[in-house]
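Worksheet: one structure, shown below.
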Amino acid sequence: MNPHPPLTPGTSEAVTPEYLRKQYESGATVDELVTASGLSYGTVLNRLHDAGTVMRTSWQTRRMRQNPQARKRLATHLRTLYEQHGATLTELAAAAGETRRGARRLLIEAGGTVRTTQQTQRMRTAARAAERYRVALSLRARYEAGATVPNLAREHSYSIASVYRLLHQAGTHMRPQHHHGPAHDTRKQP
């Protein structure tokens, strides 16, 4: 398998059947393509079939990977997934078609250091917080350009309360609320 960096979720439409076929024929498994592209398992299979890919059995993949260079590329790829993308050993095992123990061995062969569960959780929490802040800044820019909170909520499939929280997190200066109903007279009536 070739060590290609995982694709970002926004590029899933650009993952062509031909690209997937090339990766698969280079030794990638369907599970690895799913992990790298962010597409569903069924979508990857459909795109491979659309490209006329001849599918392998699991033993054919194992035999292909007995090549020392392919093993080294796989180990390097797993290390990248582990260190840069916060993958767990279970996820590495799925991506490599190995057991957790086999994935751990490949990770160590590539010079990686195994994390504790707490380290993985901290790493993922930090990544989620960074992504949430990026979304908050994006919402802030749209809000300051004139978008309304209900429109932002609909566009991003968030609740209105979530949009307000994200805008607050981004330090957005909120516009005054508009009262579209009938005017209320605050004076006492006799």
Side-chain angles (χ1 to χ4, degrees), residues 3-17 19-20 23 28 30-47 50 77-96 100 103 107 112-190:
H4 291 282
L7 303 168
T8 58
T11 63
S12 63
E13 295 80 29
V15 179
T16 63
Y19 174 81
L20 291 172
Q23 297 302 307
V30 174
D31 287 332
E32 290 167 342
L33 294 174
V34 167
T35 301
S37 68
L39 298 172
S40 71
Y41 191 89
T43 300
V44 169
L45 279 180
N46 287 338
R47 290 188 184 180
D50 290 344
H77 176 67
L78 294 180
R79 182 178 179 187
T80 300
L81 288 175
Y82 191 75
E83 292 178 351
Q84 295 178 10
H85 302 285
T88 63
L89 287 175
T90 301
E91 292 165 341
L92 294 182
R100 281 177 44 96
L107 175 66
T113 304
V114 180
R115 296 185 303 263
T116 65
T117 303
Q118 291 78 15
Q119 289 171 320
T120 299
Q121 288 172 342
R122 281 194 298 270
M123 183 181 209
R124 288 188 164 191
T125 299
R128 281 192 303 268
E131 175 62 17
R132 186 171 173 86
Y133 189 66
R134 187 193 62 74
V135 169
L137 291 176
S138 170
L139 289 173
R140 177 183 177 174
R142 293 280 324 279
Y143 180 80
E144 289 176 347
T148 64
V149 171
N151 286 343
L152 291 172
R154 272 192 303 280
E155 288 173 18
H156 296 280
S157 300
Y158 289 140
S159 69
I160 290 174
S162 292
V163 172
Y164 274 115
R165 274 193 299 278
L166 288 167
L167 289 172
H168 177 71
Q169 180 182 354
T172 308
H173 179 66
M174 303 301 291
R175 296 186 292 262
Q177 289 184 341
H178 299 284
H179 297 286
H180 298 289
H184 297 288
D185 190 2
T186 57
R187 293 178 283 153
K188 274 193 157 186
Q189 295 187 3

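The figures that follow rest on heavy atoms only: side chains count, while hydrogens, waters and symmetry mates do not. The first residue of the sequence shown is numbered 1, and numbering continues consecutively from there.
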Taken to the nearest 0.5 Å, the spacing of Leu152 CG from Leu167 CG works out to 6.5 Å

Residue set satisfying side chain to side chain donor-acceptor pair (under 3.5 Å) with Glu131, at least two apart, ordered chain then number -> Arg134

Distance col, row Thr113:OG1 vs Arg79:CZ, nearest 0.5 angstrom, shows 7.0 Å

What one should report as the nearest heavy-atom pair of Val114 and Leu89 is CG1-CD1, 4.2 Å

Rounded to the nearest 0.5 angstrom, the CG-CG distance for Leu20 and Asp50 is 10.0 Å

Sorted by chain and number, sequence neighbours left out, salt bridge (Lys or Arg N to Asp or Glu O under 4.0 Å) with Arg100 holds for none

The complete set of salt bridge (Lys or Arg N to Asp or Glu O under 4.0 Å) pairs with one or both residues in residues 116-127, sequence neighbours excluded, reads Glu91-Arg124

* Asked: Under the 3.5 angstrom rule, does the side chain of Thr120 hit a backbone N or O of Thr116 as a donor-acceptor pair?
  -> yes

Rounding to 0.5 Å, atoms CG (Leu166) and OH (Tyr133) come to a distance of 11.5 Å

Residues at least two apart in sequence or cross-chain that pass side-chain contact (heavy atoms from CB on, under 4.5 Å) with Asp31, listed by chain then number, are Thr29, Tyr41

Please list, one pair per line, the donor and acceptor atoms closer than 3.5 Å that link side chains of residues 135-143 to other protein atoms, with sequence neighbours excluded.
unit_1, atom_1, unit_2, atom_2, d
Arg140, NE, Glu144, OE2, 2.8
Arg140, NH1, Ala170, O, 2.8
Arg140, NH2, Glu144, OE2, 3.4
Arg142, NH1, Glu155, OE1, 2.5
Arg142, NH2, Glu155, OE1, 3.2
Arg142, NH2, Glu155, OE2, 3.4
Tyr143, OH, Arg175, N, 2.8

Salt bridge (Lys or Arg N to Asp or Glu O under 4.0 Å) filter on Arg115, not counting sequence neighbours, yields none

Thr117 meets the side chain to side chain donor-acceptor pair (under 3.5 Å) criterion, sequence neighbours left out, with none

Residues 159-171 vs salt bridge (Lys or Arg N to Asp or Glu O under 4.0 Å), sequence neighbours excluded, gives none

Taken to the nearest 0.5 Å, the spacing of Asn151 CG from His156 NE2 works out to 10.0 Å

Contacts of Gln121 meeting side chain to side chain donor-acceptor pair (under 3.5 Å) (sequence neighbours excluded), chain-then-number -> none

Sorted by chain and residue number, the side-chain contact (heavy atoms from CB on, under 4.5 Å) partners of Thr125 (sequence neighbours excluded) come out as Arg128

- Message: Using a 3.5 Å distance criterion without hydrogens, assess whether the side chain of Arg47 forms a donor-acceptor pair with backbone atoms of Val15.
- Response: yes

Sorted by chain and number, sequence neighbours left out, side-chain contact (heavy atoms from CB on, under 4.5 Å) with Ser159 holds for Ala161, Ser162

Across all chains, not counting sequence neighbours, the side-chain contact (heavy atoms from CB on, under 4.5 Å) partners of Ser40 are Thr43

Heavy-atom nearest pair, Ser37 first then Val44, reads OG-CG2, 4.0 Å

Heavy-atom nearest pair, Thr35 first then Ala95, reads OG1-CB, 4.5 Å

